[in-house]
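Bear in mind that the values here come from a model prediction, so they are computed numbers and not experimental data.
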There are 4 protein chains.
Amino acid sequence: MDSKTKRHPNPERAEARRQQVLTAAADCFRRKGYHSASMAEISKTAGMSPGHIYNYFVSKDAIIEAIIEQQMVEMFEVFASLQARPGMLIDVMVDGASEGVCNKLDPALASLKLEMLAETARNEKIAGMLRCVDAQARQRFMAILQSERSLVKGEPESQLQARISVIFAMFDGLLIRQTLQPDLTSDAVMVALGPALRALLSPF
Amino acid sequence: MDSKTKRHPNPERAEARRQQVLTAAADCFRRKGYHSASMAEISKTAGMSPGHIYNYFVSKDAIIEAIIEQQMVEMFEVFASLQARPGMLIDVMVDGASEGVCNKLDPALASLKLEMLAETARNEKIAGMLRCVDAQARQRFMAILQSERSLVKGEPESQLQARISVIFAMFDGLLIRQTLQPDLTSDAVMVALGPALRALLSPF
Amino acid sequence: MDSKTKRHPNPERAEARRQQVLTAAADCFRRKGYHSASMAEISKTAGMSPGHIYNYFVSKDAIIEAIIEQQMVEMFEVFASLQARPGMLIDVMVDGASEGVCNKLDPALASLKLEMLAETARNEKIAGMLRCVDAQARQRFMAILQSERSLVKGEPESQLQARISVIFAMFDGLLIRQTLQPDLTSDAVMVALGPALRALLSPF
Amino acid sequence: MDSKTKRHPNPERAEARRQQVLTAAADCFRRKGYHSASMAEISKTAGMSPGHIYNYFVSKDAIIEAIIEQQMVEMFEVFASLQARPGMLIDVMVDGASEGVCNKLDPALASLKLEMLAETARNEKIAGMLRCVDAQARQRFMAILQSERSLVKGEPESQLQARISVIFAMFDGLLIRQTLQPDLTSDAVMVALGPALRALLSPF
DNA sequence: AATGAATGAGTGTTCATTCAT
DNA sequence: AATGAATGAACACTCATTCAT
């Protein structure tokens, strides 16, 4: 990837400029969607000329790819912190779920993520990236489910994979709920999501 | 509304042509996304000149709106058949879930629905339509949860609403799972989705 | 011209149909202008299918050409009636002017004529027709100015031609006045047009 | 209003470019008419890409509006110079008329103005602008007719308004004469226009 | 490093015209 | 004689991208 973009004599300044673009672009994609957000708008939001953006990103597509990469990093941190917390998994998860729900119900994040997911159907590169990060997330979750702290550690792997898919679906589905029920609150959801999560983390 | 579309002296032929367009458009939107699918491409897929499409739809937007309307009808039929089946709700639902899962995991439908959901962020009319149909679906589901056949009929309405949001999220999330785990099968999902659904349809 | 249009076994019926189209087209051109009036609209106004119009006119241009031809005929009738009325020319003209003014100030006719005049710049055939009819009108007017009943019959022809050009300009200019001063009434104009006309029909 | 057109850091260059477009557009409208002159053609004439024009004008309509605005400015200058010249109005006017006649008989200007007048029937904004500038011109002319230098200063206002309408009609009508009698010269017209103008500027 | 002027291919849409029926 | 379904070239306009400065 490095070879695709210009060399920048002052790497710190360059990185700051790159960040400016990413932040501005995420903001625009969120508000308008990927295709309706123009480079002109992004450049204005980033406080930079349109031409200059191309010194940091080879194309508009490269921008959304970079945003996805950033989100991958953030997500891994979430998993790491999950693993770091003490106590039985089921309690840690249910306690932590509230935060995850808030995250999925944040309208700004939700529409950006839906946008990226829709892009998956058209853009093989984005599809590949999103599938890769999702596969890694499931793998990490699997490790957690098979750890000592889990109530289901002895179950067959295929069953655990099913649990993971459904848990992920439940959380991912909140992105869609946010879009269709904009008034939905995290607390309201947790009333039912907690018990469902308990069921999915206990032996059937 | 009548005045917006040309009168067609031969309604059968016209309806067939309309369907041709809808089918072709759904196909293109699925493969390319709403914005990247051009009218030229849709017209070629439909075996018709670009200009002629405008005898049946006033705009590209009107096409996706018609597709959504068709899906609304289909969805209401699903609810009707759900209500028509005898037995306790929990059994009917869990038995019927498999079919619903298959539906959500159909790659063609999944990417089209995601596309429409993403469009929600840019297009207020589409947002309105999707939210309206979703609200009706939740209302119908509420009626079912409060019927005699339900194990949770006495629970407070707010709690039932939470259950509904989570159940819907779980199913909607399968659209996203399909995109990220294209190999996911309905059977594999059902292993964990069944128990989760049982939990969500029983008193906590 | 006959060879350009289909033979019609029943010429009366055909002529009636042609008239229907001309009337409808004049109406549409008036309201929308030549370029903004579509064949679809004209056909609807004429109570006839778009395709059928092409049995009577080879193109949209042919329709406006036919309208111009009709107006030529009407205009010659005006000159004939002018010559037929008894009395000194100056009185006949000033008395008859009021009617001519009304005609020029009729908003329906005014916009159609302006439309045709504008078309002159783009369409050589229309330009030719309009110039031809105007030349004939000036020639007839010249004959009147040189008749016994005229106060200026002895003046040099070039001077008479100047008078004609200015008189015609004054009337033609009312088309433009109508457009720019839609409230202008025939009576109001006559207050000043009468004296000007007297000056133009008397020795300088 | 500022927000409607891009900011141009180099206003001189931008103004030059704008002028290039206006000149090219006036030329194309004149030759082809407003609707038949395509943006592609205008851009080619202006030596600029079609897209770039939209950095200076928000739409094709905005171009013709700008042309009209320019002509308004020019016309006001004519009135100002008329008021500035010394002597009795009737002499000033008749002397100055020749210039006005030349202007109206310039084929390039004539067809462009007719084009704009025809557009009036379809485009309310253009109609409004042209009527506004015409109303102002008549108002200024009224002030002149009521000044000390006028032979008709004591006449009733309604009568003066009639005079103005007829004088304006006579000049406007030259636009149409130019179209129908392309060979007409300013000198030939003045032979009769002078006396008519004298009549219109003297008590009846 | 940074600008923004400039490009041109591509978009959704319209409409005069044709032709099978 | 008459229909209206069907065409496709043309249009105004947008926008990712390039490049001279």
For A:S36, side chain to side chain contact (heavy atoms under 4.5 Å, CB included) partners two or more places apart
A:K32, B:H35, B:R122
Would you mind telling me which of E:dA16, F:dT17, F:dA6 lies closest to the side-chain atoms of B:N55?
F:dA6
Going by side-chain hydrogen bond (donor to acceptor under 3.5 Å, both in side chains), name the residues that satisfy it together with A:Q20, two or more places apart in sequence or in a different chain.
A:R17
Side chain of B:P50 only, please: which of F:dG8, E:dT17, E:dT7 is the nearest?
F:dG8
Would you mind reading off the distance between C:R18 atom CZ and F:dA2 atom P, rounded to a whole angstrom?
15 Å
Phosphate OP1/OP2 of F:dA5 contacted by B:H8 side-chain N/O (<4.0 Å):
yes
Length of the CZ-C1' vector between B:F57 and E:dT14, whole Å
18 Å
Rounded distance in Å - NZ (D:K60) to P (F:dC13)
8 Å
For C:Q19, all residues meeting side-chain hydrogen bond (donor to acceptor under 3.5 Å, both in side chains), sequence neighbours excluded:
C:Q70
For A:E15 and E:dA1, give me the distance from atom CD to atom C1', rounded to whole Å.
16 Å
For DNA chain E, determine which residues of residues 23-44 of chain D have any heavy atom closer than 4.0 angstrom to one of its atoms, and list them numerically.
none
Could you work out, with salt bridge (charged side-chain N to carboxylate O under 4.0 Å, His left out) as the rule, every residue matching D:K125, not counting sequence neighbours?
D:E65
Gap between atoms CD1 and C1', on C:I53 and F:dG4 respectively (whole Å)
12 Å
Just to confirm, is there a sub-4.0 Å distance from OP1 or OP2 of F:dG4 to any side-chain nitrogen or oxygen of B:Y56?
no
Ring-face cation contact, A:Y34 with A:K60, 6.0 Å cut, 45° max
yes
In Å and rounded to the nearest 0.5 Å, what is the CG to CD distance from B:L114 to A:E115?
11.0 Å
For DNA chain F, which residues in residues 112-123 of chain B have a heavy atom at a distance below 4.0 Å?
none
Looking only at the side chain of C:R17 (C-beta and beyond, no hydrogens), which of the listed nucleotides E:dA5, F:dA2, F:dG4 gets closest?
F:dA2
Indicate yes or no: at least one non-hydrogen side-chain atom of B:E12 is less than 4.5 angstrom from one of B:N10.
yes
If you check every side-chain atom of B:R13, which of F:dA6, E:dA6, F:dT17 has the closest atom?
F:dA6
List for me each residue that meets side chain to side chain contact (heavy atoms under 4.5 Å, CB included) alongside D:K44, sequence neighbours excluded, and say none if there are none.
none
Minimum side-chain heavy-atom gap D:E41-D:R31 below 4.5 Å:
yes
Sorted by chain and number, sequence neighbours left out, side-chain hydrogen bond (donor to acceptor under 3.5 Å, both in side chains) with C:R13 holds for none
How long is the gap from CD1 on C:I53 to OG on C:S43, to the nearest 0.5 Å?
5.0 Å
As a test of reading the structure: which of F:dT3, E:dT7, E:dG4 is closest to the side chain of A:S49, going by heavy atoms?
E:dG4
Runs of at least three consecutive pairs that involve DNA chain F, where pairs are Watson-Crick or G-U with distances under 3.5 Å
E:2-21 with F:2-21
Find which nucleotide of DNA chain F each of B:N10 and A:D61 is nearest to by heavy atoms, and output the residue with the more 5' nucleotide.
B:N10
Is a side-chain N or O of D:R30 found less than 3.5 angstrom from the main chain of D:A108, in a donor-acceptor match?
yes
Looking at residues at least two apart in the chain, or sitting in another chain, which of them share a side chain to side chain contact (heavy atoms under 4.5 Å, CB included) with B:I68?
B:M72, B:M116, B:I126, B:M129, B:L130
Here's a test of your reading of the structure: between B:G47 and C:G47, which maps to the more 5' nucleotide of DNA chain F?
C:G47
With sequence neighbours left out, what residues match A:R131 under salt bridge (charged side-chain N to carboxylate O under 4.0 Å, His left out)?
none
Collect all protein-nucleotide pairs involving nucleotides 19-21 of chain F in which both atoms are nitrogen or oxygen and the distance is under 3.5 Å.
none

Residue pair C:V133 / C:E69, side-chain heavy-atom distance below 4.5 Å:
no
From the set E:dG4, F:dA2, F:dC13, return the single nucleotide nearest to any side-chain atom of D:S59.
F:dC13
